[in-house]
Amino acid sequence: EPDEETIWTCCREAARPEFSGLAEVVIPKYTWEDLILPPKIIKQLRHLEQYLAQQEKVYHKWGASKVRARGYGLKALFSGGPGTGKTMCAEVIAGSLGLEMFKVDLSQVISRWVGETEKNLKEIFDAAEGGSSVILFDEGDALFGSRGETKSAQDKFANQEVAFLLQRMEVFEGCVIITTNLQENIDEAFLRRFGSVVEFPMPSPAERLKLWQRAIPPAAPKHPNLDLDYISKQFQIAGGAIVNAAINACITAASEDSPVKLEHVLLSIARELYKNGKQINRVHFGDYYDVVAEIF
């Protein structure tokens, strides 16, 4: 006898929309327990989850569709620096409700030919209509950017794309989440159409300590000098950079057949800072500057 989870999975696969290569399926792997964020951000995300879970009851059983006849789908904007958890949170919301998540492939959507981008976008929104899946526009600045003054035919066509998106978002009845590193890049007309705008901050020292403790694999041998409390207070970096640095530190330690040392982590942090165009100096590394100075 199939259980409820099996039945729901079969129904979800049978109702899976067809995007013709314009979006790829993302299997959610994260849960609420994986999120390390300020309580107020968690509350905002929980409200989004509640909205998706209860919109059927409120709109169709309680009659809210008479109040808002169309466009009652969920549109949310996640903004914040790289690696602060925007895409991860979209996965958590989709996974917690048993919904499928599709990440729009902007390379396939945006076309040089006039009208082709709008056609691709229409196909995505039409397929996702109804709220059975979560559509993610990751780094959506390219599509949802501000309209500019029309000085050339290219500007005119770019503004037409934004105008089409505004109209389609207005009546969309599914769930769409857009992520961006800079909210200022998003056209102001879109902000009115978002049901929620969540700003993801850089993690605090206490949150960074939790991220470091989780990022280093539990089975990895740790040297006594591995002071994660010092690292979390000294280096203000996002969760994505912490994961990268932790994995790279483990790679270096494994190649030396050594436990993970403080020096390994500092070198990995220096690589992350250097990669992001930041200077490597004694202000950050203090007495450990000589450890990384030979490489950078």
Distance (rounded to the nearest 0.5 Å) between [X] [atom1] and [Y] [atom2]:
X	Y	atom1	atom2	answer
Leu228	Arg214	CG	CZ	13.5 Å
Ile242	Ile237	CD1	CD1	5.0 Å
Gln167	Glu118	CD	CD	10.5 Å
Met88	Thr179	CE	OG1	14.5 Å
Leu99	Leu52	CG	CG	6.5 Å
Leu97	Gln50	CG	CD	10.0 Å

Quick check: is [Y] connected to [X] through a chain of hydrophobic side chains (ILVMFWY, heavy atoms under 4.5 Å apart)?
X	Y	result
Leu182	Leu106	no
Val283	Leu273	no
Trp32	Leu48	yes

Please report the shortest heavy-atom distance between [X] and [Y], naming the atom on each side.
X	Y	answer
Pro82	Ala238	O-CB, 3.3 Å
Lys222	Pro217	NZ-O, 3.4 Å
Gln183	Ser79	OE1-OG, 3.3 Å
Phe102	Ser133	CE1-CB, 3.7 Å
Leu226	Ile216	CD2-CD1, 4.0 Å

Subject >> Side-chain cluster (under 4.5 Å, hydrophobic types only) that Val243 belongs to, other residues >> reply: Ile247, Ile251
**OP:** Please go through Ile7's hydrophobic cluster and name the other residues, only I, L, V, M, F, W, Y counting, with side-chain heavy atoms under 4.5 Å joining them.
**Re:** none
Subject >> Distance-only polar pair, side chains of Asp3 and Thr6, donor-acceptor under 3.5 Å >> reply: yes
Does any N or O in the side chain of [X] come within less than 3.5 Å of the main-chain N or O of [Y], such that one atom is a donor and the other an acceptor?
X	Y	answer
Lys75	Phe172	yes
Ser268	Ala249	yes
Glu207	Ser204	yes
Lys86	Thr84	no

Is there a side-chain contact between [X] and [Y] in this structure, where contact means two heavy atoms from C-beta onward sitting under 4.5 Å apart?
X	Y	value
Leu136	Val26	no
Leu77	Ser196	no
Tyr288	Leu262	yes
Phe200	Val198	yes
Val25	Met101	no

Original post:
Any Lys/Arg nitrogen of Arg282 or Asp290 sitting under 4.0 Å from an Asp/Glu carboxylate oxygen of the other?
Top reply: yes
Counting only heavy atoms not in [X] (residues, nucleotides, ligands), do more than 12 fall under 6.0 Å from its [atom1]?
X	atom1	answer
Tyr59	OH	yes
Glu256	CD	yes
Gln236	CD	no

Subject >> Phe137 ring center within less than 6.0 Å of Phe78 ring center >> reply: no
Salt bridge (Lys or Arg N to Asp or Glu O under 4.0 Å) against [X], all qualifying residues, sequence neighbours excluded:
X	value
Lys233	Asp229
Asp287	none
Lys122	Asp126

Subject >> Derivation and outcome, salt bridge (charged side-chain N to carboxylate O under 4.0 Å, His left out), residues Lys275 and Glu272 >> reply: CA-CA 5 Å; Lys275 182 176 67 177; Glu272 287 296 312; 3.1 Å; yes
Original post:
Can you check side-chain contact (heavy atoms from CB on, under 4.5 Å) on Val134 and Ile177, steps first, answer last?
Top reply: CA-CA 7 Å; Val134 174; Ile177 297 176; 4.0 Å; yes
Original post:
Which class fits the ring pair Phe235 and Tyr230: parallel under 30°, tilted 30 to 60°, perpendicular over 60°?
Top reply: perpendicular
**OP:** Decide yes or no on side-chain contact (heavy atoms from CB on, under 4.5 Å) for Phe125 and Met169, but give the supporting numbers first.
**Re:** CA-CA 9 Å; Phe125 280 109; Met169 288 272 288; 4.2 Å; yes
Which pairs would a plain distance check flag for residues 34-46, meaning a side-chain donor or acceptor within less than 3.5 Å of a matching protein atom at least two apart in sequence or in another chain?
{"from": "Asp34", "atom 1": "OD2", "to": "Thr31", "atom 2": "N", "distance (Å)": "2.9"}
{"from": "Asp34", "atom 1": "OD2", "to": "Thr31", "atom 2": "OG1", "distance (Å)": "3.4"}
{"from": "Arg46", "atom 1": "NH1", "to": "Glu49", "atom 2": "OE1", "distance (Å)": "3.2"}

Subject >> Residue pair Phe285, Ile280: steps toward the side-chain contact (heavy atoms from CB on, under 4.5 Å) verdict >> reply: CA-CA 8 Å; Phe285 292 88; Ile280 310 301; 3.6 Å; yes
**OP:** Go through the steps to decide whether His264 and Ser258 satisfy the test side-chain contact (heavy atoms from CB on, under 4.5 Å), and finish with yes or no.
**Re:** CA-CA 10 Å; His264 297 145; Ser258 162; 3.7 Å; yes
